[in-house]
There are 2 protein chains.
Amino acid sequence: MQKVLPRAGPADHEAGDPIRRRLTAFVELSPSDTRELEALTANSRRFPAQTPLLHQSDVPESAILVLDGFACRYKYLTNGRRQITAYLLPGDIFEPELDFRLPLDCALGTLTACRLTLVPRQDYEDLLRRRPRIALALQMARLTEAATLREWITNLGSRSGPERLAHFLCEVLFRLRTTGLASENQFSFPITQADLADTLGMSCVHVNRVLQKLRRDGLIELSGRKLTILKPDGLKTLAEYDASYLKVEATPLRPGSSARPAA
Amino acid sequence: MQKVLPRAGPADHEAGDPIRRRLTAFVELSPSDTRELEALTANSRRFPAQTPLLHQSDVPESAILVLDGFACRYKYLTNGRRQITAYLLPGDIFEPELDFRLPLDCALGTLTACRLTLVPRQDYEDLLRRRPRIALALQMARLTEAATLREWITNLGSRSGPERLAHFLCEVLFRLRTTGLASENQFSFPITQADLADTLGMSCVHVNRVLQKLRRDGLIELSGRKLTILKPDGLKTLAEYDASYLKVEATPLRPGSSARPAA
DNA sequence: CGCGACGTTGAGCGGCGTCAACTCGCGTGG
DNA sequence: CCACGCGAGTTGACGCCGCTCAACGTCGCG
């Protein structure tokens with residue numbers, strides 16, 4: 001992977017741009033690939049915050065491209081607790097299982113107001129068939145998703161409150177950077193403390209206290225909906241954060257091969 | 001779950017059998033598929049308990065078929081804690097990323113004494129290419145793996161100690177059943193309390209106490225290395241356990257299509 | 001102006017971690 | 001044959017992290 005992003009000026013933020021940026025972080029796309037993506041993301045819909053999109057055991061009939069805003073996968077337990085299992089940031093894509101009509105094991109919904117493009121299953125499969133570079137990039141993205149799940153398990157199982165929060169913030173920072181939505185150490189972070197609680201497996205009162213601690217230690221500044229990382233190294237050290245799980249730099253064995261299964 | 005498989009008599013436990021049983025739970029294999037698997041698992045090696053097989057950032061050069069024993073993926077943190085992120089039970093397969101030479105984000109090792117077959121990368125890819133039914137079954141297995149990761153996130157983030165342990169035990173029970181290694185409510189469970197602690201994100205002292213509680217409540221009996229579920233329904237209710245994430249019953253869209261990416 | 005969503009803070013308590021001691025079974029070496 | 005060591009399990013004491021309940025401040029919006 002060459003430099004992850006050209007460090008664009010604000011003029012670079014086109015309509016469906018995050019998708020292109022995310023995919024080009026993995027694979028260089030051809031002009032016609034790019035045009036295809038632009039055509040796809042030309043029509044999009046806005047959804048308000050906290051909107052359920054799919055619920056558990058639904059069978060998804062579209063892929064969902066996230067152009068703007070934060071969405072997530074989550075599960076509800078009968079005791080009322082909600083656990084978020086994955087974040088979908090701008091540039092991320094929710095894919096239905098390609099060869100199957102599988103009921104979802106997780107619900108899907110927005111956290112903040114979002115702009116999304118729904119791509120019907122058939123169109124999406126056609127896209128992957130016609131555009132091997134895009135298919136390859138998506139396969140790589142899938143690998144990072146699986147690695148992220150394992151990272152979350154480690155986070156929830158083995159880290160203290162402050163470490164856990166720090167790790168999560170680092171992840172969001174790095175992921176937003178690849179789509180140009182975070183500067184070196186600052187980004188828009190429109191997430192509720194209650195959402196953070198459901199992400200990190202803590203009560204929202206405790207999330208608040210842990211946030212205070214990170215502030216008191218001069219690591220972050222969070223006001224309004226803007227998060228500033230004051231000491232990026234301090235935060236990464238606290239979290240033992242290593243972003244390599246988000247990258248797929250290894251050379252493919254058969255570069256041009258059409259999409260194949262991913263473990 | 002209805003009986004997943006023909007519920008074979010004990011005579012059915014052949015050498016590499018768990019692999020076949022696991023795959024046939026997804027897809028009916030042809031006699032030649034079966035023969036191919038038998039040939040593959042004919043040579044296997046034994047490994048003692050607690051043996052590292054691959055460590056983090058290694059690039060795996062083989063697939064690993066688990067014929068007997070429990071293995072796992074895990075990560076170490078610098079504070080010394082170890083987090084187990086996945087169990088590999090008999091019939092499970094560790095796959096290298098197919099089109100890439102990706103360094104691992106997790107280490108791999110045995111928990112108990114194991115019998116394993118190592119299949120060199122190239123042979124493994126050939127197998128998948130020559131045996132579409134096997135490839136399809138493996139793709140389905142991959143889907144259950146991803147769902148299991150999300151289930152673990154929920155488990156670690158949202159459930160109390162007893163619920164967490166109960167959920168884990170239910171998962172192992174159901175997974176062992178599909179390979180015929182668990183009877184209705186009893187199976188060999190050679191896992192250390194320290195390993196359980198690293199699995200569930202608790203200290204091993206606390207694992208002990210939680211186990212006591214499940215015993216005291218008459219839900220389980222664990223002595224020697226044999227676990228008996230005394231009240232399967234009670235345990236499932238406590239854990240809110242729903243095994244559907246382990247199944248892929250939905251009809252494929254294009255049944256015969258060769259392996260395609262899996263989300 | 002009032003209401004609801006969100007954030008903040010305090011008090012009290014229980015789950016769970018840590019430290020430490022003790023048991024039991026097993027294998028090894030004296 | 002017994003002493004010893006070791007790994008695993010068990011139990012108690014103690015303290016802290018994090019949960020619950022509850023009150024209160026602030027902001028944005030109808």
Side-chain angles (χ1 to χ4, degrees), chain A residues 48-51 70 77 79-83 109-113 155-169 188-217 220-227 238, chain B residues 48-51 70 77 79-83 109-113 155-169 188-217 220-227 238:
Chain A
Q50 307 290 344
T51 309
F70 290 18
L77 303 191
N79 62 22
R81 273 196 61 73
R82 176 178 74 154
Q83 178 66 46
T110 65
L111 289 173
T112 72
N155 210 24
L156 288 167
S158 298
R159 280 192 260 258
S160 70
E163 293 165 353
R164 212 134 94 202
L165 177 55
H167 191 279
F168 175 70
L169 295 180
S188 159
F189 188 70
I191 297 297
T192 279
Q193 289 184 5
D195 291 334
L196 272 179
D198 293 344
T199 305
L200 301 172
M202 319 191 300
S203 72
C204 66
V205 171
H206 194 60
V207 164
N208 183 290
R209 291 194 228 270
V210 173
L211 273 171
Q212 309 280 0
K213 173 161 174 49
L214 295 192
R215 280 194 264 247
R216 222 178 312 120
D217 295 348
I220 65 169
E221 191 175 292
L222 175 58
S223 65
R225 324 248 73 152
K226 193 132 219 108
L227 178 67
L238 174 61
Chain B
Q50 307 291 344
T51 309
F70 289 18
L77 302 191
N79 61 22
R81 273 196 61 73
R82 175 178 75 153
Q83 178 67 45
T110 64
L111 289 174
T112 70
N155 209 25
L156 288 168
S158 298
R159 280 194 260 257
S160 70
E163 294 165 353
R164 211 135 94 204
L165 176 56
H167 192 280
F168 175 70
L169 295 180
S188 159
F189 187 69
I191 297 298
T192 279
Q193 290 184 5
D195 291 335
L196 271 180
D198 292 345
T199 305
L200 300 173
M202 322 192 295
S203 71
C204 67
V205 172
H206 195 60
V207 164
N208 184 290
R209 293 196 227 270
V210 172
L211 273 172
Q212 309 281 1
K213 174 162 172 50
L214 295 192
R215 281 195 264 246
R216 223 178 314 120
D217 295 348
I220 65 169
E221 190 175 294
L222 174 58
S223 66
R225 321 250 75 148
K226 192 131 220 107
L227 179 67
L238 173 62

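Below, each value reflects all heavy atoms present in this structure, side chains not excepted, and no hydrogens, waters or symmetry copies. In what follows, chains carry the letters A, B, and so on, assigned in the order in which the sequence lines appear, proteins first and then strands, with residues in each chain numbered from 1. None of the values given here were measured: they were computed from a predicted structure.
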Residue-phosphate contact under 4.0 Å: A/Asn208 side-chain N/O, C/dT8 OP1/OP2: yes

Atom-pair distance (CG on B/Leu211; P on D/dT11), nearest Å: 11 Å

Closer than 4.0 Å, any side-chain N/O of A/Arg225 to the OP1 or OP2 of C/dG7? yes

Can any side-chain N or O of B/Ser188 pair as donor or acceptor with the backbone N or O of B/Lys226 at less than 3.5 Å? no

What nucleic acid atoms does A/Arg215 come within less than 4.0 Å of, heavy atoms only: base, sugar-phosphate, or nothing? sugar-phosphate

Any sub-3.5 Å donor-acceptor pair from B/Arg81's side-chain atoms to A/Arg159's backbone N or O? no

Side chain B/Gln83, main chain B/Thr199, donor-acceptor under 3.5 Å: yes

Starting from P on D/dT10, measure out to CE on B/Met202 and report it in whole angstrom. 13 Å

Using a 4.0 Å heavy-atom cut-off across all strands, classify B/Val205 as base, sugar-phosphate, or nothing. base

To the nearest Å, give me how far apart NE2 (B/His206) and C1' (D/dG12) are. 15 Å

Would you say A/Gln212 reaches C/dT9's phosphate, i.e. side-chain N/O to OP1/OP2 under 4.0 Å? yes

Tell me the interatomic distance from B/Asp195, atom CG, to D/dA8, atom P, rounded to whole angstroms. 8 Å

Atom-to-atom span, CD of A/Gln193 to P of C/dT9 - whole angstrom: 10 Å

How many whole angstroms separate atom CD1 of A/Ile191 from atom C1' of C/dG7? 15 Å

Could you tell me whether the side chain of B/Thr112 and the main chain of B/Phe70 form a donor-acceptor pair under 3.5 Å? yes

Round to the nearest Å and state the distance from B/Leu200 atom CG to C/dC16 atom P. 11 Å

With no angle test and no hydrogens, is the base of D/dG12 tied to the side chain of B/Arg209 by a donor-acceptor pair under 3.5 Å? yes

From CD1 (A/Ile191) to CG (A/Leu227), nearest 0.5 Å: 11.0 Å

Reckon A/Ser203 touches a base, only the sugar-phosphate, or nothing at all at heavy-atom distances under 4.0 Å? base

Starting at CZ of A/Phe189 and ending at C1' of C/dC6, how long is that distance when rounded to a whole Å? 14 Å

